[in-house]
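Below is one structure, written out as C-alpha cells, with a few remarks after it.
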Amino acid sequence: MAAVQELEQHLGDPADPGRLISCQRSTDLDQREQFPDAECRELDRLGIPAHYAPRAWGGALERLDTSAELLRVVARRDLSLAIAHGKTFLGCVPVWVGGDDDQARRLADDVVRGAVVSWGLTERDHGGDLAAGDVSAVRNSDGYVLDGEKWLINNARRNHLACVLARTSPDPGPRSHSVFLVERAALPSGAYVPLEPERLHGIRGADISGFRLHGAPVPATARIGAEGHGLEIVLKSLLLTRAMCAGLSLGAADHGLGIALRHATTVHRYGRPVIDLPQTRRLLADVLGDLLLAEALAVAAVRSVQALPGEVAVTSAAAKYLVPTLVQQALTRFTELVGTRSLLVGATFADACLQKLHRDHRIVGIFDGSTVVNLHALINTFPFLNRSGPGYDPGSGPRSAALDAAVRRDAELPPLDLRAVELVPRRGAALLAAVPAAAATVRGLAGAPGVPAELVELTAWLAGACAAIGTAAAARRPAARPPADDFALAQEVAGCVAGAAALHTWLANRHLAGTAAAGPLRDDALWVRSALARLRARATRREPAVAAWRDPLVEAVAAAGDVSLLRTEPTGRGVHP
Ligand SMILES: Cc1cc2nc3c(=O)[nH]c(=O)nc-3n(C[C@H](O)[C@H](O)[C@H](O)COP(=O)(O)OP(=O)(O)OC[C@H]3O[C@@H](n4cnc5c(N)ncnc54)[C@H](O)[C@@H]3O)c2cc1C
C-alpha cells in the first residue's frame, strides 16, 4: 500500500494550518458552507481518481482495500472532502459492475483525467425504495429519452457524468429499471437542470441537490448492461460501495480519537491528566474496544469483495450497518469526554473539528442504503446463514484459503473482478461457518503465552452466539415487509459477523512480525479481547465493572499518542490492518 503512505506524507499534519488540507481550513469552509474546490483539485493532482478506476481499464485500482484506505486517509483530515471527492468512485461502480469493456475504458479515461461522476439513484418520493423510482427512459430509434427528477444527489451541480437508474418498463418487478451513464456535455441545453443546493447540518460545504431531466436524449450505448437489469446492477454495486463506505467511518474515528486523546492527556483535573480519572479511562477503553471491532469488520468486508465475492451480501450489509453505528456512538462519547470545549466555535479547541465531525459523520449511516435498509439486506440473507452442510466447502482447515485472504494481512488477494460479486450468499458465510473451528483452535491454545483465559472464554461465547443466530435466522420466514423482531436479529447477526472478523483476524495474524505500533495492542491478545468483550457486553447488555483489558488498552494508546495504534494488525508492508 505504498500509495497510502505516499498520500499520508503528501497531505502531512492536518493540525498544521499551513497545509492545504488542514482542520482549520476545513472548519472554515464548513462555516461558510463552501465546497472544498482547491482540496479536490489537490487530490486530483495527487492522482487519487486513478484509484477509483480498475487497472484493467486504465486506472490504478487493483485492490479495494487500498482505495478504502486512501479514502480513510482523506477522511481522517476532512470527512466532507472525502465524501465530496470519493463520491465519483461510487458513481462509477455500476459501470465497473455492469458495463462493457468499451464503456468501462471510456469512463476510466474520463475519471483518471478528473471527471466528476454522480450516482443518481434516489427520488424525493421513494427514498430507499429504488424499485419504485419514476424517472423514465423511453426507447426511440436513436437510443433513449430520459425524464424526471433525482434527489438528493451528491455533486449534482458540478458533475460531468451521472449514473442514473431509470424506469424502462411501466410494469413493476425486478426487470423494470435500467442504468444509464449520462454525459452532461452531450445533452442539449435545458435537458439536465440541476436543482437548488440543499443546506445541510453536516458536510455543509458539499454539493448536495438533485437534477431534473427534461426529454434528455442519450444514445443506446449509454445504457449499462441489458435493458431491465438496472436494479440487479445497482444492488451488486451497492455491495461494493457499502463496504467501501466503512473507510469513511474509520477515517472519522481516527480523527475523533486523535482529538479526544489529546484532550484526555493534556488537560488536568484534580491534579492529574483527565485520562487518569476512572470514568474517563473506562469511557475511552470501551470506545477503543468498539472501534477495534468496527475496524476488524470493515477491513474484512472490503477484502471479502475480492476474497469471498459470493458472501459480500452478508459482510457488506453487516459493515454498512455496524461500522457507522459504532463510529457515530464513539464520536458522541468523545464529545462527552471533551465536554464544554466540544461546543466551542473557532480556534479555542481543535479548530472546532469535533462538532463538525459529529455532524458530518451522520451522513455515512444514511447514504448508500441507510442503517435500516442494511439490516433489511441482512434479513434477506437469513435463509443462507446456517449453510455449512452439503455443497458448502469451508476448506480443509479452520480457515479456507479464501477466508485467509479476507483476514490475513500478508495474504495476496485474488485479482479484482467486480463482476464476481453475488447478490445471494448461496453457500453461506465462511466468516461465520469457521467460528466453531476457530474457537476450538483458541481452546487448544489455552495456557500458551499471549493467550489469556479471558480470550478462551470470549471465543466460546462467540461460538455459542453464532450457533444461536444461525438457528434463529433459519427459522424466520422470508417476508416483503419483515417483522420488527427480524431487525433485532439482524443486529445480532451483524455483531456475530464483526466478532468472527475480529477472531479470524487475530488468529491469522498473530504470528506475523508486528509493526512497532501494533506491539502493545497485540500483547496478550489485547485488541481482540477488548473487541470481543465489548461485543459480548452489547449483546448481553451486561457491562462488567472490572475488565482486565481496559487499563492496558488505554495505556498502550496513550503512550503511543498515535491513533495508528488502532491499526490492529500489520500488513507485512507496515501499513494499516
Ligand atoms: C447528504 C446526502 C447525500 C446523498 N447523496 C445521494 C447520492 O449521491 N445519490 C443518491 O442516489 N442518493 C443520495 N442521497 C439519498 C439517500 O441515499 C437517501 O436519503 C436514502 O436512500 C434514504 O432515503 P429517505 O431518507 O427518503 O428514507 P428511506 O430510506 O426511504 O426511509 C423512509 C422511512 O422508511 C423506513 N424504511 C426505509 N426502507 C426500509 C426498509 N427496507 N425496511 C424498513 N424500514 C425502512 C425508514 O426507516 C424511514 O423511516 C443522499 C442523501 C443525503 C442526506
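Atoms within a ligand are numbered from 1 in the order they appear, just like the ligands themselves. Below, all heavy atoms of this structure are taken into account, side chains as well, without hydrogens, waters or symmetry copies.
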Worksheet item: S136 side chain to R167 main-chain N or O, any donor-acceptor pair under 3.5 Å?
Response: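 A pair under 3.5 Å: no.
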I'd like to check which ligand 1 atoms, numbered from 1 as shown, lie under 4.0 Å from a non-hydrogen atom of [X].
X	answer
I153	7 (C), 8 (O), 9 (N), 10 (C), 11 (O)
V373	38 (N)
W119	7 (C), 8 (O), 9 (N), 10 (C), 11 (O)
F367	17 (O)

How far is [atom] from its nearest protein heavy atom, and which residue and atom is that?
atom	answer
atom 53 (C) of ligand 1	I363 CD1, 3.4 Å
atom 29 (O) of ligand 1	G128 N, 3.5 Å
atom 20 (C) of ligand 1	I366 O, 4.0 Å
atom 24 (P) of ligand 1	G127 CA, 3.9 Å

Fill in: Side chains of Q329 and R333, donor plus acceptor under 3.5 Å
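Not at all, the side chains of Q329 and R333 share no donor-acceptor pair under 3.5 Å.
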Item to complete: Would you please indicate yes or no on a ring centroid separation below 6.0 angstrom for H255 and F334?
Response: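 Between H255 and F334, which both carry aromatic rings, the centre distance is not below 6.0 Å.
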Worksheet entry | Residues which pass salt bridge (Lys or Arg N to Asp or Glu O under 4.0 Å) with K150, listed by chain and number, not counting sequence neighbours |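 Partners of K150 under the salt bridge (Lys or Arg N to Asp or Glu O under 4.0 Å) test: E123.
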Worksheet item: Any N/O of D129 closer than 3.5 Å to an N/O of ligand 1?
Response: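 No; every N/O pair is 3.5 Å or more apart.
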Practice prompt. Compare D207, V372, L152 and give the one whose heavy atom is closest to atom 35 (C) of ligand 1.
Written response: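 Ranked by closest heavy atom to atom 35 (C) of ligand 1, first place is V372.
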